[in-house]
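Worksheet: one structure, shown below.
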Amino acid sequence: MNRVVTNIFPKGPYDFELTVGYHTYYRSRYGADHWEDDKYRRLLEIDNKLLLASVRSTGTVDRPELEMVVEGTALSQYDVTRAKSQIEWILGTSQDLKQFYGSIVDDDPLNNFCQHLYGLHIPHAQSPYESLILAVLGQQISNNVARLIRTLIIEKYGSPAKYNGMDYYAFPQPISLAKASLEDLRLLKMSYRKAEYINGISQVIADQSDLLTFAEYQDNNEIVSKIMQLRGVGRWTAQWLLIKGLGRMDAFPVGDLALKQMLTKLYFDQTTLKEEEMEPFSKRWSPWRSYATTYLFAANRQGLI
DNA sequence: TACCAGGTAAAAA
DNA sequence: TTTTTACATGGT
């Protein structure tokens with residue numbers, strides 16, 4: 001077992017606490033992500049090797065600097081490099097907020113949230129597959145139920161490791177959930193249909209690992225129509241995959257109930273916004289709709305809405 | 001006790 | 001083609 005310390009320099013402004021807090025729903029543990037003692041921790045599975053990354057802030061919002069400690073067995077320089085790039089991706093450190101902030105200065109509720117949430121970057125799932133599974137698990141049900149089910153599936157099918165007496169789990173590999181029986185998945189409190197979705201998607205991804213890999217030039221609509229061919233993936237799930245799994249800047253989860261309620265309250269004077277009105281309305285934030293969405297949800301989680 | 005919750009596919013109209 | 005409905009479960 002060895003241990004390597006390295007530094008990460010996010011693109012400022014970068015608020016580490018806000019970004020990790022949003023990512024973990026301000027809980028000490030959410031799914032495979034941990035947020036305790038001012039440290040973000042995550043067990044990563046890299047080439048079948050498990051390593052724990054612990055990250056803390058050593059800088060400020062405008063001069064951000066993070067310190068990452070990687071622990072594992074027989075760590076190579078390559079492992080550390082991979083872990084670092086995965087953590088940078090999860091924590092959204094390379095995003096540049098300037099253009100988004102500049103684009104919404106006259107948009108009042110949102111601009112106000114941006115002042116409160118200055119330096120919040122969009123955190124990502126570790127992989128497109130992870131974001132897809134988490135999104136499907138979250139369909140239709142309340143956040144409390146979603147969190148419960150997400151944790152159950154990670155603890156049952158993710159690779160475990162113990163560090164300093166604490167149990168950590170990597171996010172399950174596609175093959176693990178592809179091999180799971182529907183009956184076993186049902187034990188994790190999901191509906192039979194949801195178990196079918198999870199199992200089916202995992203089988204497809206286990207078989208074609210590059211299915212969720214897209215080139216830079218590919219259009220969001222092209223990606224959406226491709227992933228919606230997966231059973232269990234509708235447009236809501238596809239849009240969240242664009243935001244949380246692929247790092248696209250201009251996605252918008254039309255049909256999201258919480259989002260609809262927030263827009264109704266903030267922009268339509270309590271007159272319920274119709275679903276078909278969401279997409280046209282969202283265009284005011286293009287090409288930064290993923291940020292607008294994230295800042296609205298972040299404001300919501302902080303009780304600002 | 002009902003009814004809702006950060007949807008979706010399949011059935012029915 | 002468009003509109004309902006079943007789905008599981010914890011919270012209120």
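The structure displayed is predicted, hence computed values, not measured ones. Chain letters run A, B, ... following the sequence lines, proteins first, then strands; residues in each count from 1. These numbers come from the heavy atoms of this one structure, side chains and all, not from hydrogens, waters or symmetry mates.
Relative to the ring axis of A:Y26, A:R301 does not place its NZ or CZ within 45° and under 6.0 Å from the centre.
None of A:L182, A:I141, A:I153, A:V136 except one satisfies the side chain to side chain contact (heavy atoms under 4.5 Å, CB included) rule with A:M190; the exception is A:I153. Just one of A:R3, A:H34, A:R41, A:K162 meets the side chain to side chain contact (heavy atoms under 4.5 Å, CB included) condition when paired with A:L52; it is A:R41.
Checking C:dG11 for Watson-Crick or G-U wobble geometry (two distances, each under 3.5 Å) identifies B:dC3 as its partner.
Between C:dG10 and A:K189, a contact under 4.0 Å exists linking OP1 or OP2 to a side-chain N or O. Applying the 4.0 Å criterion to OP1 and OP2 of B:dA10, one finds that A:R193 has every side-chain N and O outside that range.
Spacing between atom CZ of A:R231 and atom P of C:dC7 amounts to 14 Å, rounded to whole angstrom units. Put simply, CE on A:M228 is 9 Å from C1' on B:dT8, counting in whole angstrom units. Nucleotide B:dA9 holds its P atom 12 Å from the CD1 atom of A:I198, rounded to whole Å. Protein atom CD of A:Q239 is 14 Å distant from nucleotide atom P of B:dG7, rounded to whole Å. Atom pair A:Q139:CD and B:dG7:C1' shows a separation of 5 Å (rounding to whole Å applied). Rounded to an integer number of Å, the gap from A:I153 CD1 to C:dT9 P is 14 Å. Whole-Å rounding puts the A:L230 CG to B:dG7 C1' distance at 16 Å. The distance between atom CE of A:M190 and atom C1' of B:dA9, rounded to the nearest whole Å, is 18 Å.
When distances run from any side-chain atom of A:Q140 to the nucleotides B:dG6, B:dA5, C:dC7, the shortest one goes to B:dA5. Of the listed nucleotides (C:dC7, B:dG6, B:dT8), B:dG6 has the atom at the smallest distance from the side chain of A:D256. Minimum atom distance to the side chain of A:Y197 is reached by B:dA9, of the listed C:dA8, B:dA9, C:dG10.
Residue side chain A:N143 reaches the base of B:dG6 through a donor-acceptor N/O pair under 3.5 Å, judged by distance alone. At a cut-off of 3.5 angstrom, the base of C:dG10 holds no donor-acceptor pair with the side chain of A:R147.
Note on A:L257: only backbone sugar-phosphate atoms sit closer than 4.0 angstrom, heavy atoms only; bases stay farther off. Residue A:I149 is classed as having no contact, given no heavy-atom separation below 4.0 Å to the nucleic acid. Residue-level contact check: A:S142 touches the bases, meaning some heavy atom is under 4.0 Å from a base atom. Note on A:Y192: only backbone sugar-phosphate atoms sit closer than 4.0 angstrom, heavy atoms only; bases stay farther off. Using a 4.0 Å heavy-atom distance criterion, A:V136 is classed as making no nucleic acid contact.
The line from NE2 of A:H121 to OG1 of A:T294 is 11.5 Å long, rounded to the nearest 0.5 Å. The CG atom of A:L97 sits 7.5 Å away from the CG atom of A:L120 when rounded to the nearest 0.5 Å.
Separation of the P atoms belonging to B:dC3 and C:dA6 is 13 Å when rounded to the nearest angstrom. Comparing B:dA2 with C:dA8, their C1' atoms sit 16 Å apart, to the nearest whole Å. Only the P atoms considered, C:dG10 is 22 Å distant from B:dT8, to the nearest whole Å.
Both A:G138 and A:V233 sit near DNA chain B, but only A:G138 has its closest nucleotide nearer the 5' end. Both A:R186 and A:N144 lie near DNA chain C, and the one whose nearest nucleotide falls closer to the 5' end is A:R186.
Side-chain atoms of A:S76 and A:D79 include a donor-acceptor pair closer than 3.5 Å.
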